Structures are given as structure tokens and as C-alpha cells.
A.B. asks: 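Got a structure here, written out as C-alpha cells. Questions coming.
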Amino acid sequence: MPEGHTVHRLARDLARDFSGRRVSASSPQGRFEEAVRLQGRTLSRTHAIGKHLFLEFRDLRVHVHLGLFGKFRRVRAGAEPRPTVRLRLSTEDITWDLTGPTACELMDDDAFDALRDRLGADPLANEVRPKSTWTRLHASRRSIGALLLDQSLFAGIGNVYRAELLFLVGLHPNTPGQDVPRPTFERLWRLAKDLLQRGVEANRIITVPLAERRPAARSRREQLYVYRRTTCGRCGASVARTTSAARTLYYCPVCQPPIFAEHAQ
DNA sequence: ATGTCATGATAAC
DNA sequence: TTATCCTGACATA
């Protein structure tokens, strides 16, 4: 489930449960031995940049990246941890278990600065989007499909949001970055902010407006337009799939025609 | 029991 | 480009 919205939501939920509290920390799996250094420390705050989560314990910082498989879930207090739990954080009445992360490590300031510097703009960050996002996109011959997954450009976008954003702005995934019109990019960015924020609130990805959702169909799949669908959620055409940036990319050939076709009309 | 696939990213060829 | 790491749910046998 981890795209940027998941990680920002985790930052919020973990802060609500642990911020200002002394926590117990352990690594039942044993692959994060430094957990003992956190034992009894107070969590100052948490924050997220793109898909990276940071837990700040005054003088120590934990960096977590969920990767494709990672999950950080609240479990029944004191429950027997499954053997794969890399990190368990708990107070007397609250327990969170982290499993399957790509990264769970202590991170010093230099490494943090370096990491932040290689991440692009996060649509969920409050800061104004840097000009470099458009500049780089507009100069690139790489496809918009590949660019959207590039974390040094768009921090927090993942494979689901990529497909859905391209659908919503009607862009064919192969469109070179340099051919994306400025207004389309601006719509894309605004949509990314809106959808990710909505994802944080719902704690799941929802891209279909509430009004368009069929009441009877509440499964997650029904709330997306093209991702992992066989037919387009808007026009019903067969959804096409291609591979872009080593991931499966779904798009509607009708709603997302190649850009030269738009000009040809 | 075994195989497949996944909302990620990196290192090596 | 491909291989690799991380885990678990579900399908197939």
C-alpha cells in the first residue's frame, strides 16, 4: 500500500500515538539491532518526505522506507509479534510493528541532508513547488510515465498514482516530458496534491469522485479509473498495459490518446 | 506445498 | 536492461 500518502499518514498516526511519550523499542526479527538504543527514549516528532518516513528521538533519527512490501501497522497491545517484525515500538497500551521495510536504520544529519537533496518536490509538502520541477520535466525527452516515478522529480508518487494521474489529465504515458503542455503539467501537479491529500485522509488511494462511485461497488478497484482494471472506469474501453520504468503501467487508449492525435483534430 | 504477484528502489552488467 | 532484496496474500495443485 505504500505510496506517499501511506507514509505521510503513518507519520501522523505514529506521532499521535507516541509523540512526547517514552517508548519501548525492539527488533523481534533481530535485523535492526540498534532498536535497543531507542529503548526508553521519547519520540519528539515524526515527518515524511515522499515515501521516506522519519522518527525523531531528540538525538537519534530513524529512517524508514517501506519499499514494495513494507507495512507499519498498529497491532493489539502486547500481541505476540510475527517473526518478521523488524521494529516494534510500544507504550503500555499501544503497539506498532514494522515488517518488510526496504530501510529501517538510524540516520545522521549528513545522510539525512543527502537524502533530502536527492528527492524532488513532494506534492504533500506545504512548500511552494520549486521551479526546477517544471524546468526539468520540460527539458526531458524521457516519457512522462517514467518521469512520474522518478523520486528526484516527484517525491511520493508511485505506480497507482502515476496511472491515475495520467488518466485524469488525459496524457498518453509515452508522451515525452518536453511535449507536455504547461497547463497540463499544472493540472497534473494540482491533481497530485489533491489526490495524495485525499489518500492521506482516507488512508487509501481513491481517485474516482464520490459522485461517480457506484454504491454497490465498494471494493478498492472500483475507485480507480485504470490501475489494474481491464476496462476504463470512464468510457469502458479496454485498458492497455505497458511496461514503463520496470513497472506495469495501465492506461486507456481512448481517454489518453497520443498527444499528436490531439493536435491533429 | 508451491507458484505468482504486488502501491519500491538499487546495484551491477 | 536484469538481478536482487524485503513479505505476505492469494491461486493452483
Side-chain angles (χ1 to χ4, degrees), chain A residues 1-11 27-33 35 48-54 62-75 79-88 96-105 107 111 114-120 122-124 142-143 145-168 173 191-192 195-208 219-230 233 239 241-251:
Chain A
M1 319 196 36
E3 293 192 26
H5 69 296
T6 303
V7 179
H8 279 76
R9 176 60 180 253
L10 277 172
S27 180
Q29 179 194 50
R31 291 187 56 183
F32 180 50
E33 291 159 17
I49 308 177
K51 298 169 189 169
H52 298 262
L53 173 66
F54 304 95
V62 179
H63 166 236
V64 172
H65 192 292
L66 295 175
L68 189 53
F69 308 137
K71 286 189 168 54
F72 211 153
R73 47 198 154 195
R74 204 178 153 157
V75 299
E80 185 67 21
R82 57 176 88 193
T84 52
V85 174
R86 184 80 56 89
L87 170 64
R88 165 168 284 196
W96 283 80
D97 284 346
L98 170 66
T99 56
T102 286
C104 175
E105 61 192 356
M107 180 172 268
L115 171 55
R116 190 178 40 188
D117 287 350
R118 71 177 170 76
L119 291 175
D122 181 344
L124 283 171
R142 298 165 64 205
S143 70
L147 292 170
L148 274 172
L149 279 193
D150 183 341
Q151 301 297 297
S152 75
L153 215 43
F154 300 98
I157 302 293
N159 205 26
V160 180
Y161 280 119
R162 161 171 81 161
E164 297 291 301
L165 285 168
L166 288 175
F167 172 84
L168 285 164
L191 215 42
L195 292 184
L196 278 160
Q197 191 54 53
R198 190 170 167 200
V200 172
E201 299 310 326
N203 210 358
R204 64 201 293 197
I205 299 175
I206 301 173
T207 61
V208 175
S219 80
R220 183 166 60 98
R221 197 159 296 188
E222 259 75 33
Q223 300 177 49
L224 302 175
Y225 285 106
V226 289
Y227 179 77
R228 283 244 240 169
R229 291 185 55 120
T230 52
V239 165
R241 28 154 102 203
T242 181
T243 297
S244 164
R247 316 295 299 284
T248 304
L249 173 44
Y250 302 79
Y251 66 100

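Just so we're clear, the structure is a prediction, and the values are computed from it rather than from any experiment. By convention in this document, chain letters (A, B, ...) are assigned in the order of the sequence lines, proteins followed by strands, and residues within each chain are numbered from 1.
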A.B. asks: Can you tell me, in whole Å, how much space there is between the P of dA13(C) and that of dC5(B)?
C.D. replies: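 It works out to 14 Å between them.
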A.B. asks: Given the rule in the salt bridge (Lys or Arg N to Asp or Glu O under 4.0 Å) test, do Asp97(A) and Arg88(A) qualify, once you have shown the distances and angles that lead to the verdict?
C.D. replies: CA-CA 5 Å; Asp97(A) 284 346; Arg88(A) 165 168 284 196; 2.7 Å; yes
A.B. asks: Can you measure Leu98(A) atom CG to dG8(C) atom C1' for me and round it to whole angstrom units?
C.D. replies: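 It works out to 14 Å between those atoms.
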A.B. asks: Can you find a side chain N or O atom of Tyr161(A) that sits less than 4.0 Å from OP1 or OP2 on dT7(B)?
C.D. replies: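 False: Tyr161(A) side-chain N/O out of range (4.0 Å or more) of dT7(B) OP1/OP2.
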A.B. asks: Tell me whether the OP1 or OP2 atom of dC6(C) has a side-chain N or O from Arg31(A) closer than 4.0 Å.
C.D. replies: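 For dC6(C), OP1 or OP2 has a side-chain N or O of Arg31(A) closer than 4.0 Å.
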A.B. asks: Rounding to an integer number of Å, can you tell me how far Lys71(A) NZ sits from dG8(B) C1'?
C.D. replies: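 Distance check: Lys71(A) NZ to dG8(B) C1' gives 13 Å.
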A.B. asks: Tell me what Arg73(A) touches on the nucleic acid: a base, only sugar-phosphate, or nothing, going by heavy atoms under 4.0 Å.
C.D. replies: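 Sugar-phosphate contact only.
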A.B. asks: Without decimals, in angstroms, what is the distance between Leu149(A) CG and dT10(B) P?
C.D. replies: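 Rounded to whole Å, this separation is 12 Å.
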A.B. asks: Hey, is Phe69(A) stacking on dT7(C)? Ring centres under 5.5 Å, planes under 30°.
C.D. replies: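 Stacked: ring centres under 5.5 Å, planes under 30°.
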A.B. asks: Could you tell me whether Arg86(A) contacts a base, only the sugar-phosphate backbone, or nothing, with contacts defined as non-hydrogen atoms closer than 4.0 Å?
C.D. replies: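 Counting heavy atoms under 4.0 Å across all strands, the contact made by Arg86(A) is with sugar-phosphate only.
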A.B. asks: Distance check needed: dT7(B) C1' versus His65(A) NE2, whole Å only.
C.D. replies: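 Atom NE2 in His65(A) sits about 11 Å away from atom C1' in dT7(B).
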A.B. asks: Looking at Arg82(A), does any N or O in its side chain come under 4.0 Å of the phosphate oxygens OP1/OP2 on dT7(C)?
C.D. replies: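 Indeed not, no polar side-chain atom of Arg82(A) lies that close.
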A.B. asks: In terms of the angle between their ring planes, are His65(A) and His63(A) parallel, tilted or perpendicular, with boundaries placed at 30° and 60°?
C.D. replies: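 Judged by the thresholds at 30° and 60°, the geometry between His65(A) and His63(A) is perpendicular.
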A.B. asks: What distance, rounded to whole Å, do you find between the two P atoms, one in dC5(C) and one in dC13(B)?
C.D. replies: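 The same atom, P, in both gives a distance of 14 Å.
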A.B. asks: Rounded to whole Å, please give me the gap between CD in Glu105(A) and P in dC6(C).
C.D. replies: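 Those two atoms, CD and P, are 15 Å apart.
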A.B. asks: May I have the distance from Leu119(A) (atom CG) to dT10(B) (atom P), rounded to whole angstrom?
C.D. replies: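 Atom CG in Leu119(A) sits about 9 Å away from atom P in dT10(B).
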A.B. asks: Give me the distance, rounded to whole Å, that separates dT1(C) from dT7(B) when you measure between the C1' atoms they each carry.
C.D. replies: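 Comparing C1' positions in dT1(C) and dT7(B) gives a spacing of 23 Å.
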A.B. asks: May I ask you to test the Arg82(A)-Val75(A) pair for a side-chain heavy-atom distance under 4.5 Å?
C.D. replies: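 Sidechains of Val75(A) and Arg82(A): no contact.
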A.B. asks: Taking the same atom, P, in dT4(B) and in dA3(C), what whole-Å distance lies between them?
C.D. replies: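 About 15 Å, rounded to a whole number of Å.
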A.B. asks: Report yes if some heavy atom in the side chain of His52(A) is under 4.5 Å from a heavy atom in the side chain of Gln151(A); otherwise report no.
C.D. replies: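 The answer is no, as the side chains (C-beta and beyond) never meet within the 4.5 Å cut-off.
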A.B. asks: Looking at every strand, decide which applies to Thr102(A) at a 4.0 Å heavy-atom threshold: base, sugar-phosphate, or nothing.
C.D. replies: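 The residue Thr102(A) makes base contact.
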A.B. asks: Is Gln151(A) close enough to dG8(B) that one of its side-chain N or O atoms is under 4.0 Å from OP1 or OP2 there?
C.D. replies: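 Indeed not, no polar side-chain atom of Gln151(A) lies that close.
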A.B. asks: Can you tell me if Gln29(A) touches the phosphate of dT7(C), counting only side-chain N or O atoms and a distance under 4.0 Å to OP1 or OP2?
C.D. replies: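 For Gln29(A), the contact criterion (side-chain N or O under 4.0 Å from OP1 or OP2 of dT7(C)) is met.
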A.B. asks: Would you mind telling me which of dA9(B), dT7(C), dT7(B) lies closest to the side-chain atoms of Thr84(A)?
C.D. replies: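 It is dT7(C).
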A.B. asks: Is any side-chain heavy atom of Val239(A) less than 4.5 Å from a side-chain heavy atom of Tyr227(A)?
C.D. replies: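 Heavy-atom side-chain distance check fails, nothing below 4.5 Å.
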A.B. asks: Does Lys51(A) reach a base, just sugar-phosphate, or nothing at all? Heavy atoms under 4.0 Å.
C.D. replies: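 Lys51(A): backbone/sugar contact only, no base atoms under 4.0 Å.
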A.B. asks: The side chain of Arg118(A) is closest to which nucleotide in this list: dG8(B), dA6(B), dT10(B)?
C.D. replies: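 Given the options dG8(B), dA6(B), dT10(B), the side chain of Arg118(A) is closest to dT10(B).
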A.B. asks: Is any side-chain nitrogen or oxygen of Thr6(A) closer than 4.0 Å to OP1 or OP2 of dT7(B)?
C.D. replies: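 For dT7(B), neither OP1 nor OP2 has a side-chain N or O of Thr6(A) closer than 4.0 Å.
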A.B. asks: Send over the distance from Phe72(A) CZ to dT7(C) P, rounded to a whole Å.
C.D. replies: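 From Phe72(A) CZ to dT7(C) P: 14 Å.
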A.B. asks: Just N and O in the side chain of Arg247(A): are any of them under 4.0 Å from OP1 or OP2 of dG8(B)?
C.D. replies: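 Looking at the OP1 and OP2 atoms of dG8(B), one of them is under 4.0 Å from a side-chain N or O of Arg247(A).
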A.B. asks: What nucleic acid atoms does Glu164(A) come within less than 4.0 Å of, heavy atoms only: base, sugar-phosphate, or nothing?
C.D. replies: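 Nothing, no nucleic acid heavy atom in range.
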A.B. asks: Quick one: does Arg9(A)'s side chain have a donor or acceptor within less than 3.5 Å of a partner on Glu201(A)'s backbone?
C.D. replies: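 Yes; at least one donor-acceptor contact below 3.5 Å.
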A.B. asks: Distance check needed: dT7(B) P versus Tyr250(A) OH, whole Å only.
C.D. replies: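 About 7 Å, once rounded to whole Å.
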A.B. asks: Mind telling me whether His5(A) and Tyr161(A) have parallel, tilted or perpendicular rings, with 30° and 60° as the class edges?
C.D. replies: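 Perpendicular: the ring planes of Tyr161(A) and His5(A) meet at over 60°.
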